[in-house]
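First the structure, in the form of structure tokens, and then the observations on it.
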Amino acid sequence: MTTVDEKLLKPYNPKNTEERIYKLWEDSGFFNPDVCVEKGVTQKDAKPFSIVLPPPNVTGNLHTGHALMLVIQDIMVRYARMQGKKTLWLPGTDHAAIATQSKVEKLLEKEGIKKNDLGRAEFLKRVEKFAQDSHDTIVNQCKKMGASLDWSREAFTLDEKRNLAVKTAFKQMYDDGLIYRGNRMVNWDPKGQTVISDDEIVYEERKSKFYTFKYGPFNISTVRPETKFGDKYVVMHPDDKRYEKYKDGEQFELEWINGKITATIIKDKNIDMEFGTGVMTITPWHSSVDFEIAEKHKLDKEQIIDKYGKLLPIAGEFAGMKIADAREKIADKLKAKGLLVSIDENYVNRVATAERTGGMIEPQIMLQWFIDVNKKIPSRGNKSLKELMLEPVRESKIKIIPNYFEKVYFNWIENLHDWCISRQIWYGHRIPVWYKGKEIFVGMEEPDGEGWVQDEDTLDTWFSSGLWTFSTLGWPDATKDLKTYHPTTVLETGHDILFFWIARMILMSQYLLGEVPFENVYLHGMVRTADGKKMSKSLGEKAIDPLSIIAKYGNDALRMSMVVGNTPGNDLKLNENDIRGYGKFTNKIWNASRFVFEQTKGLDATNLPSLDEEDLISQKELENLLKEVSKEMDEFRFSIVAEKLYHYFWHTFADIIIERSKEKILKNNNAKEIQSAKALLYTQLTTLLKALHPFMPFVTEEIWSMMPIENKNLLMVEKWPFDSAQDKPDDNH
RNA sequence: GCGCGAUUAGCUCAGUUGGUAGAGCAGGAUGUUUACACCAUCAAGGUCGUAGGUUCGAGUCCUACAUCGCGCACCA
């Protein structure tokens, strides 16, 4: 065993410290608020503070984005815990249905295995194995990050309890008529063989050939000749003078791809007179805009392309061909018939692709399950889900930080369509619906009787994520946790999932529980590299790996670099230079503590000498600082707090107070001054360790462990040195 | 097309009811004093994107524009 003195003689070594300290915390049980109450560090009737961890996807490692979220949340949680609140930070992971499944599919592909070769059950086993491994890695990494998460309450979006919550929610929504099955326009991913949501689409700008063809007396333009087989309606604006002589409903014959067809003229205000020729034909089965026009005018809809992206028999000689092959050939045929007017080779349009598989989206009309966001719900004051989502943000029951995101939120909700929740993938919550002939049963378990077959599809992963704030607390059971910790205090996450996730949590909680899921939403920015690139896997070597940074400079240094200069909503450029700087600061704290220890040996901490006038002023200054930063902590302004504490420690405590104490202690022989200086050193150090702890938990806890205090607790459950409620410094120091 | 954000010292960023511009890093000079060279002291560095407006007073509020970034919609 090294003695305290020996350990302090060397520079601070995070590597040898952090693992040991985390174990100390974990073994203490203080991450669990129940233990805190049991052991008397938290009052039984203390105010609760709760955060649910945005569950990382079980698709691999933690990246800097996760690290950032863990750091910010850990700061909030440690601060709350030190304030004596009943503090719960609840961990978990997300099965991330489509993301995980496609990842495993890709891995299997490398072995030359296709998922259909394995079959559903065997494939799911593989996915579960992969998910389990990822989960273990993630938990490990969270611990390395110093996250004070209550592991005893850990949850998984696809475990049994969460499945019960999902089925309960589904059934209730179905019974209320909010969930329905219908033929609607959806985004079909032919590559992934599943429907995806609008939010899972990534638009890519591409150059495409823009063909203009003769269509009877009109010229029409398209980038997709292969969809034109079923086009028997030609649409133009009712006010377009050029086409005045044509009447709505008028029919005419024309020569088209596979011979003569009859076309009908439709007048519709949705047509942009300025675009192209101002005339277009419509393909209602494969375009949502065309679909709307067709619905409005009650027109026929025909499917042209199947779910594998191949042309159907309607295409005649082109039937069975893939889109890409057919396109050029069809254009050639029209050209041969003398119907091609022109080709614009430089036309740029946006192509919808699937985020996970990269496949090109083919809009299709399909039988799927949807959540109706506009239907009035009698049991909820006759409000629609949309209204239930808008209300709490409008009425400030939910505060979004930074608040300009509220506008973005409103904008999104107002344009919200019904939410398609069924997915044709295997990994996920199976839809709790059984069919027998024409009968449908929706419930928690397969109904009695022979011949019931469960729906093959699974639910959109965000359906279960939407329940996260309360499914993790035991819902649908009325648990004590649910009562104590819901609504949660803060939801902290990246602004990129405002719609995916935050909106859906509000929807689910408002509808199922009749309350908000959280009182505050803190949105952090994206982590970028020093040259401004988004930190992602495609960057390879250039991406900063949080764990290797920790190995190099220590966790506390990484944490500080992620907090200082990082304000809500703004992107953070992570720069190794800065991290190195905070590594130096960590050591500065270490060395300053050594000096204080040396000088204050033998001092009776329970009965400190009184301060002289000069030192009293210094003490007052620190108290003022604490008052300031406590207010800023309450307002989630962590960047400024970290900066102020950093600055005070280095340039006031170390540069002024320690230097002054040298004068007094080492060169002076006025006993009263010497005693005062020692008392001040001691007081300030203990206070600063506490104030710094949420930001730099490891080094502060390590130094705290060496403080000569009888029967002391861990620093993580010491009292925060300023009592905001009473507006006075906590006299515990 | 609609909307949002950013524009402040060489770099990265703070700057919350409008009241004489702040920090870190980098760079410069000096020093090695007994916690710390993972150090100290000192100095330098900004007409706060542009143009107007409101005001006794604007980095902060308003209008327009420019550049960069982002979101949404459209794309026949």
*For A/Asp578 and B/C13, what is the distance between atoms CG and C1' respectively, to the nearest whole Å?*
9 Å
*What class does the angle between the rings of A/Phe499 and A/Trp412 fall in, given that below 30° is parallel, 30 to 60° is tilted and above 60° is perpendicular?*
parallel
*Do the side-chain N and O atoms of A/Glu576 and A/Tyr553 include a donor-acceptor pair separated by under 3.5 angstrom?*
yes
*asked:* Suppose you measure atom C1' in B/C61 against the same atom in B/U17; what distance do you get, rounded to whole Å?
replied: 12 Å
_From C-beta outward on A/Glu659, which listed nucleotide comes closest to its side chain: B/C75, B/G24, B/A35?_
B/A35
*Report the relative orientation of the aromatic rings in A/Tyr215 and A/Trp256; use parallel for angles under 30°, tilted for 30 to 60°, perpendicular for over 60°.*
perpendicular
*Side chain of A/Thr567 (C-beta onward), nearest among B/C4, B/G15, B/A35*: B/G15
*In whole angstrom, give the distance that lies between atom CZ of A/Phe585 and atom P of B/C36.*
18 Å
*Quick one: A/Glu643 CD to B/U12 C1', roughly how many Å, whole number?*
11 Å
*asked:* Under 4.0 Å, heavy atoms only, any strand: does A/Val596 hit a base, just the sugar-phosphate, or nothing?
replied: nothing
*Identify the nucleotide, in any strand shown, that forms a Watson-Crick or G-U wobble pair with B/U63, with both distances under 3.5 Å; if there is none, say none.*
B/A51
*Scan side-chain atoms only and decide if A/Asp634 and A/Tyr79 contain a donor-acceptor pair under the 3.5 Å cut-off.*
yes
*Please confirm whether A/Lys399 makes a cation-pi placement over A/Tyr522, using NZ or CZ under 6.0 Å from the six-membered ring centre and within 45° of the ring normal.*
no
*OP1, OP2 of B/C4 versus side-chain N and O of A/His495: anything below 4.0 Å?*
no
*Base, sugar-phosphate, or nothing: which does A/Tyr404 touch, judged by heavy atoms less than 4.0 Å apart?*
sugar-phosphate
*asked:* Using the side-chain heavy atoms of A/Tyr646, tell me which of these nucleotides is nearest: B/C25, B/G15, B/C72.
replied: B/C25
*Between B/G28 and B/G10 - P atom distance, rounded Å*: 16 Å
*Contact class for A/Tyr12 (heavy atom, under 4.0 Å): base, sugar-phosphate, or nothing?*
nothing
_Does A/Arg350 reach a base, just sugar-phosphate, or nothing at all? Heavy atoms under 4.0 Å._
base
*A/Tyr203 side-chain proximity, nearest of B/G71, B/C75, B/C36*: B/C75
*Report which part of the nucleic acid A/Asp272 touches: base, sugar-phosphate, or nothing (heavy-atom distance under 4.0 Å, all strands).*
base
_Which is more 5' along RNA chain B, the nucleotide nearest A/Ser288 or the one nearest A/Ala654? Just name the residue._
A/Ala654
*What's the NZ-P distance between A/Lys584 and B/C25, to the nearest Å?*
7 Å
*At under 4.0 Å between heavy atoms, what does A/Ile220 touch on the DNA or RNA strands: base, sugar-phosphate, or nothing?*
nothing
*asked:* Once hydrogens and angles are ignored, does a donor-acceptor distance under 3.5 Å link the base of B/C38 to the side chain of A/Asn587?
replied: yes
*For B/C72 and B/U12, measure between their C1' atoms and round to the nearest Å.*
30 Å
*When the nearest nucleotide of RNA chain B is assigned to A/Arg224 and to A/Asn575 on a heavy-atom basis, which residue is associated with the more 5' position?*
A/Asn575
*Taking atom P in both B/C48 and B/G5, what distance in whole Å separates the two?*
22 Å
*asked:* Within the 4.0 Å heavy-atom criterion, would you say A/Asn570 contacts the bases, only the backbone, or no part of the nucleic acid?
replied: sugar-phosphate
*Base, sugar-phosphate, or nothing: which does A/Ser639 touch, judged by heavy atoms less than 4.0 Å apart?*
nothing
*asked:* I need the NZ-P distance between A/Lys588 and B/A35, as an integer number of Å.
replied: 11 Å
*Look at A/Arg594 together with A/Glu598 and state whether they make a salt bridge at an N to O cut-off of under 4.0 Å.*
no
*How is A/Ser593 classified with respect to the nucleic acid when contacts are heavy atoms under 4.0 Å: base, sugar-phosphate, or nothing?*
nothing
*What integer number of Å spans the C1' atoms of B/A23 and B/G15?*
10 Å
*So, is A/Trp412 near the phosphate of B/A73, with a side-chain N or O under 4.0 Å from OP1 or OP2?*
no
*Mind checking A/Ile271 for me? I need base, sugar-phosphate or nothing, with any heavy atom below 4.0 Å counting as a touch.*
base
*For the pair made of CG in A/Leu574 and P in B/U12, what is the distance, rounded to whole Å?*
14 Å
*Please measure how far the P atom in B/G27 lies from the corresponding atom in B/G49, and state the result in whole Å.*
27 Å
*How would you label the contact of A/Phe405 with the nucleic acid (heavy atoms, under 4.0 Å): base, sugar-phosphate, or nothing?*
nothing
*B/A35 - base-pair partner by Watson-Crick or wobble geometry, distances under 3.5 Å*: none
*What heavy-atom pair brings A/Phe698 and A/Glu18 nearest, and what distance separates the two atoms?*
CE2-O, 3.2 Å
*Spacing of the C1' atoms in B/A58 and B/U47 (rounded, Å)*: 14 Å
*Write down the distance separating the C1' atoms in B/U50 and B/A43, rounded off to the nearest Å.*
33 Å
*Base-pairing mate for B/G69 - Watson-Crick or G-U, with both contacts under 3.5 Å*: B/C4
*So, are A/Lys644 and A/Glu632 salt-bridged, with charged N and O less than 4.0 Å apart?*
yes
*Could you check which of B/C75, B/A14, B/C38 has an atom nearest any side-chain atom of A/Ile640?*
B/A14
*Any salt bridge between A/Lys209 and A/Asp344, counting N to O under 4.0 Å?*
no
*Length of the NE2-P vector between A/His647 and B/A23, whole Å*: 6 Å
*How long is the line joining CD1 of A/Ile657 and P of B/A35, in whole Å?*
16 Å
*Could you work out which one of B/C4, B/C36, B/C75 sits closest to the side chain of A/Lys407?*
B/C4
*asked:* Just N and O in the side chain of A/Lys662: are any of them under 4.0 Å from OP1 or OP2 of B/A35?
replied: yes
